[in-house]
Amino acid sequence: MMRDEEATLSTFVDDASIKGIYIYLSRKIHLPVIDEKVDVFHCLAWNQNSGTLAAGGSHGHLRLLLTNTTNSEGAIQMDRDISTVVQITNFTSNLSLEGHNGQEVQCCAWNEPMQKLTTSDKSGAIIVWNYEKEQWYEEMVNNRQQSHVIGMAWSNDGARICIAYADGTLIVGSHDGSRVWNKELGFDLAGGCTWSSANNLILVGLADGEVHAFTENGDFIQKLHITCNDNVEIEHALSGDFMNREQGRAQEERKEQIVALKWFAPARRASTKVGPAR
């Protein structure tokens, strides 16, 4: 824990809350191929205001699929009984956005309050998509041309975006495209970044399996101590000192690479004046 005058990293989950979470397979989604090439999708992002699923993948393919799981107020429908969820029955819209020029789309993130979509590809290009006059268009395009993006996250108020690059660069920009600050962390990143629900902390995943916490202004706070409920196999895998003898020699393994980071916060209601009609 940190001092009271600093932003506090709260207790994430306790045993009781974990036991109240149920995850099960609701439906497999088949995305029709655009051409004869095989599609491999690398990122997904669900817009909780509109029910739109963004899927990015190989050959520069970027798809927007509008589901019919929203109610009149735009919120995703769920039964009060946690054991049952209203199923996705079909997609009412299936759009393809062109702009990544055949480059593998690796990251996508929604700005919920402003109903904008940000995507990045293997070349390092970042595109901010906006919706106007019943069509999606490229509002901003940027390419740092030094490294590729491994994670992007909009703050919950939609005012700022955090972009994490594989080479250890962390950039925070505003919704209008101006840079707020950037920082060279000095180590490789993996697994992306995420904002706290209060928008005053940023968590960043490192390639060696650590998670570091920074203030909204980029000042380092601490390494995050991660505690697992299943403390046998996972702790062993993350210990960093077990030996891999499969290759006939002692080889020290590093901590497992982080795949994704997400600090949950309910999506803010977007104005009906932005994004597609809901």
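Applying the 6.0 Å contact sphere to CD of Glu134 captures no more than 12 heavy atoms from other residues, nucleotides or ligands.
A distance of 12.5 Å separates CD of Gln103 from NE2 of His61, quoted to the nearest 0.5 Å. With values rounded to the nearest 0.5 angstrom, Asn217 atom CG is found 10.5 Å from Lys183 atom NZ. Here the CD atom belonging to Gln106 is positioned 5.0 Å from the NE2 atom belonging to His148, to the nearest 0.5 angstrom. Taking CG of Leu203 as the reference point, atom SG of Cys162 lies at 10.0 Å (rounded to 0.5 Å). Expressed to the nearest 0.5 Å, how far CG of Asn49 lies from CD of Glu112 amounts to 4.5 Å. Taking NZ of Lys116 as the reference point, atom CH2 of Trp136 lies at 10.5 Å (rounded to 0.5 Å).
With hydrogens and angles ignored, the 3.5 Å screen pairs a side-chain donor or acceptor of Ser155 with a backbone N or O of Arg160. The backbone N or O of Glu216 lies less than 3.5 Å from a partner atom in the side chain of Trp181, making a donor-acceptor pair. Not one N or O on the side chain of Thr52 forms a donor-acceptor pair closer than 3.5 Å with the backbone of Asn47. Using a distance-only test at 3.5 Å, with no hydrogens or angles considered, no donor-acceptor pair links the side chain of Trp195 to the main chain of Asn156.
Counting side-chain heavy-atom gaps under 4.5 Å among Ile, Leu, Val, Met, Phe, Trp and Tyr, the cluster of Val128 also holds Met140. In the hydrophobic clustering, where aliphatic and aromatic side chains (Ile, Leu, Val, Met, Phe, Trp, Tyr) are joined below 4.5 Å either directly or transitively, Ile171 groups with Ile126, Val149, Met152, Trp154, Ile161, Ile163, Tyr165.
Between Phe187 and Glu210, every side-chain heavy-atom pair lies at or beyond the 4.5 Å cut-off. In this structure, the side chains of Val105 and Cys43 come closer than 4.5 Å at one or more pairs of heavy atoms. No side-chain heavy atom of Asn182 sits less than 4.5 Å from a side-chain heavy atom of Val172. You'll find the side chain of Leu64 reaches within 4.5 Å of the side chain of Leu117, heavy atoms only.
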Criterion side-chain contact (heavy atoms from CB on, under 4.5 Å) on Tyr137 and Asn130, from CA distance to verdict:
CA-CA 6 Å; Tyr137 69 95; Asn130 199 2; 3.5 Å; yes
Pair Leu44, Leu53 - check side-chain contact (heavy atoms from CB on, under 4.5 Å), show working.
CA-CA 7 Å; Leu44 295 171; Leu53 177 68; 4.3 Å; yes
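Trp110 and Tyr131 fall within a single hydrophobic cluster, where Ile, Leu, Val, Met, Phe, Trp and Tyr are joined by side-chain heavy atoms under 4.5 Å apart, directly or via other members.
For Trp129, there are no ring-ring contact (aromatic ring centres under 6.0 Å, His included) partners, not counting sequence neighbours.
Donor-acceptor pairing under 3.5 Å is recorded for the side chains of Asp167 and Thr169.
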